[in-house]
Amino acid sequence: MSDLFSLTGKKALVTGGAQGLGRMIAEGLLRAGASVAITSRKADVCEEAAREMAALGPCIPLPADLSTPEAAVDLVARYRDAMGECHILINNAGKTWGGSIDSFPDKAWPGVMAVNVQTPFTMIRELLPELGAAGTPGDPARVINIGSVAGMKTERLQAYSYTASKAAVHMMTRDLAGDLAERNITVNAVIPGFFPTKMTAHMRDEDNVDPTLLAHIPLRRLGTPEDIAGIVVFLCARAGAYVTGAQIPVDGGVVGCG
């Protein structure tokens, strides 16, 4: 059992890994023994986060604005030069847009769909040589796409392009899992609920969370870094080697108990 959740010797790429959920995930992978590359749109933020996380294990910054497929292709090339192997890909970078349906603009669609759906697909496609080489029947390479509870149930967020994009990510995950199983690559979706990130900043004041939000969550609390890191480490370690095509909510019961 000692190595059931170990990632020693694994190399991982976490998009959007400098802040928010991505950083929680990157730190979890580092603590489990992986070497990790992280991205962020802002180079200074990316480099500072990598410096801080280097206290936990090998962590390198790869700044990237993943709003175009060309940027994703370039990122993979730089990752390849820096890390060589890729055992784990976490597609976490995301974009949102909120607004009333009466004024929700057409420009709210292309960028959100590009970052949230097309970029993860491009990342997977471009890293197939590395992922395929890293995987074995007993220890496949791992791809985890970060979805959202808003892509599974109506949350009344008025973020129409975002919710549609996350529902697309969930279905794309299942398609890819079926297609890549024979290459010893698993593909799963982790579906977070409400965590203390920038996306929920308007619902809380420091440690004080909107009681209405807490009442919406069966477990009556926001998620913690350990909650999101734990499920990702499970899926990436020997413990999760037989799981693919899954959509796993980590949401305090919002989806399952709703």
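Numbers for residues simply follow the sequence, beginning at 1.
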Without placing hydrogens or testing angles, list every side-chain donor-acceptor pair under 3.5 Å for residues 55-63, not counting sequence neighbours.
none

* To do: Give the intermediate values and the outcome of side chain to side chain contact (heavy atoms under 4.5 Å, CB included) for residues Val243 and Thr186.
  => CA-CA 7 Å; Val243 180; Thr186 66; over 6 Å; no

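- Heavy atoms only, all atoms of each residue included: Asn92 and Thr15 are closest at N-OG1, 2.9 Å.
- Lys153 NZ: more than 12 foreign heavy atoms inside a 6.0 Å radius.
- Each of Asn188, Leu235, Val255 was scored for a side-chain contact (heavy atoms from CB on, under 4.5 Å) with Ile248, with one residue passing: Leu235.
- Tracing side-chain contacts under 4.5 Å through hydrophobic residues (I, L, V, M, F, W, Y), one reaches Met113 starting from Ile101; they form part of the same cluster.
- Residues Ile25 and Ile146 meet the side-chain proximity criterion, which asks for heavy atoms closer than 4.5 Å.
- Put simply, CD on Gln158 and OG on Ser100 are 5.0 Å apart, with the number rounded to the nearest 0.5 Å.
- A pairwise comparison of heavy atoms in Ile191 and Val149 identifies CG2-N, 3.4 Å as the closest pair.
- Side-chain heavy atoms closer than 4.5 Å link hydrophobic residues (I, L, V, M, F, W, Y) into clusters, and following such links, possibly through other members, connects Val233 to Ile38.
- Atom CG of Leu89 and atom NZ of Lys11 lie 15.5 Å apart (nearest 0.5 Å).
- More than 12 heavy atoms of other shown residues, nucleotides or ligands fall within 6.0 angstrom of atom CG in Asp81.
- The nearest pair of heavy atoms linking Ala246 to Thr173 is O-CG2, 4.4 Å.
- A salt bridge (Lys or Arg N to Asp or Glu O under 4.0 Å) check over residues 166-187, counting only residues at least two apart or in different chains, returns nothing.
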Less than 3.5 Å apart, which donor and acceptor atoms pair up between the side chains of residues 122-134 and the rest of the protein, not counting sequence neighbours?
residue	atom	partner	partner atom	Å
Thr122	OG1	Gln118	O	3.1
Glu130	OE1	Arg80	NH2	3.2
Glu130	OE2	Arg80	NE	2.6

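- Taken from CE in Met24 to CD1 in Ile228, the straight-line distance is 8.5 Å, to the nearest 0.5 Å.
- Side chain of Arg142 to backbone of Pro140: a donor-acceptor contact under 3.5 angstrom is found.
- Placement of Val143 and Leu75 within a single hydrophobic cluster is found when ILVMFWY residues are connected by side-chain heavy-atom separations under 4.5 Å, directly or transitively.
- Although no hydrogens or angles enter the test, the distance criterion places no donor-acceptor pair under 3.5 Å between the side chain of Thr119 and the main chain of Asn116.
- For the atom pair Phe104 CZ and Asp106 CG, the distance stands at 9.5 Å (nearest 0.5 Å).
- To the nearest 0.5 angstrom, Arg31 atom CZ is 10.5 Å from Met53 atom CE.
- Between atom OG of residue Ser35 and atom CG of residue Leu30 there is a gap of 8.0 Å, rounded to the nearest 0.5 Å.
- Contact annotation: the side chain of Ile217 approaches that of Leu222 to within less than 4.5 Å [non-hydrogen atoms, C-beta and beyond].
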* Taking it one step at a time, do Val169 and Val117 satisfy side chain to side chain contact (heavy atoms under 4.5 Å, CB included)? -> CA-CA 6 Å; Val169 165; Val117 185; 4.3 Å; yes

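- In this structure, Val187 is not a member of the same hydrophobic cluster as Met152, with clusters built from ILVMFWY side-chain heavy atoms closer than 4.5 Å.
- The side-chain hydrogen bond (donor to acceptor under 3.5 Å, both in side chains) pairs that include a residue from residues 217-226 are Arg221-Asp227, Thr224-Glu226, Thr224-Asp227, where partners are two or more places apart or lie in different chains.
- When all heavy atoms of Ile144 and Cys236 are compared, the closest pair comes out as CD1-SG, 3.6 Å.
- Judged purely by atom type and a 3.5 angstrom limit, His170 uses its side chain to pair as donor or acceptor with the backbone of Ser148.
- The aromatic rings of His216 and Phe194 sit perpendicular, their planes meeting at an angle over 60°, well past the 30° parallel limit.
- Hydrophobic clustering of Ile, Leu, Val, Met, Phe, Trp and Tyr side chains at less than 4.5 Å, counting indirect connections, unites Phe234 with Ile88.
- Contact between Gly253 and Pro218 at its shortest, heavy atoms only, is O-CG, 3.4 Å.
- Within the structure, every pair that satisfies the salt bridge (Lys or Arg N to Asp or Glu O under 4.0 Å) test and touches residues 52-79, not counting sequence neighbours, is listed here: Arg23-Glu52, Asp74-Arg78.
- Smallest separation of non-hydrogen atoms from Ala93 and Gly16: CB-N, 3.9 Å.
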* To do: Begin with the C-alpha distance, continue with both residues' side-chain angles, and end with the deciding distance and a verdict on side chain to side chain contact (heavy atoms under 4.5 Å, CB included) for Trp97 and Trp109.
  => CA-CA 8 Å; Trp97 192 302; Trp109 287 89; over 6 Å; no

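- Remark: Arg41 engages no residue in a salt bridge (charged side-chain N to carboxylate O under 4.0 Å, His left out) (not counting sequence neighbours).
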* Step-by-step side chain to side chain contact (heavy atoms under 4.5 Å, CB included) determination, Thr39 to Tyr79 -> CA-CA 10 Å; Thr39 80; Tyr79 173 87; over 6 Å; no

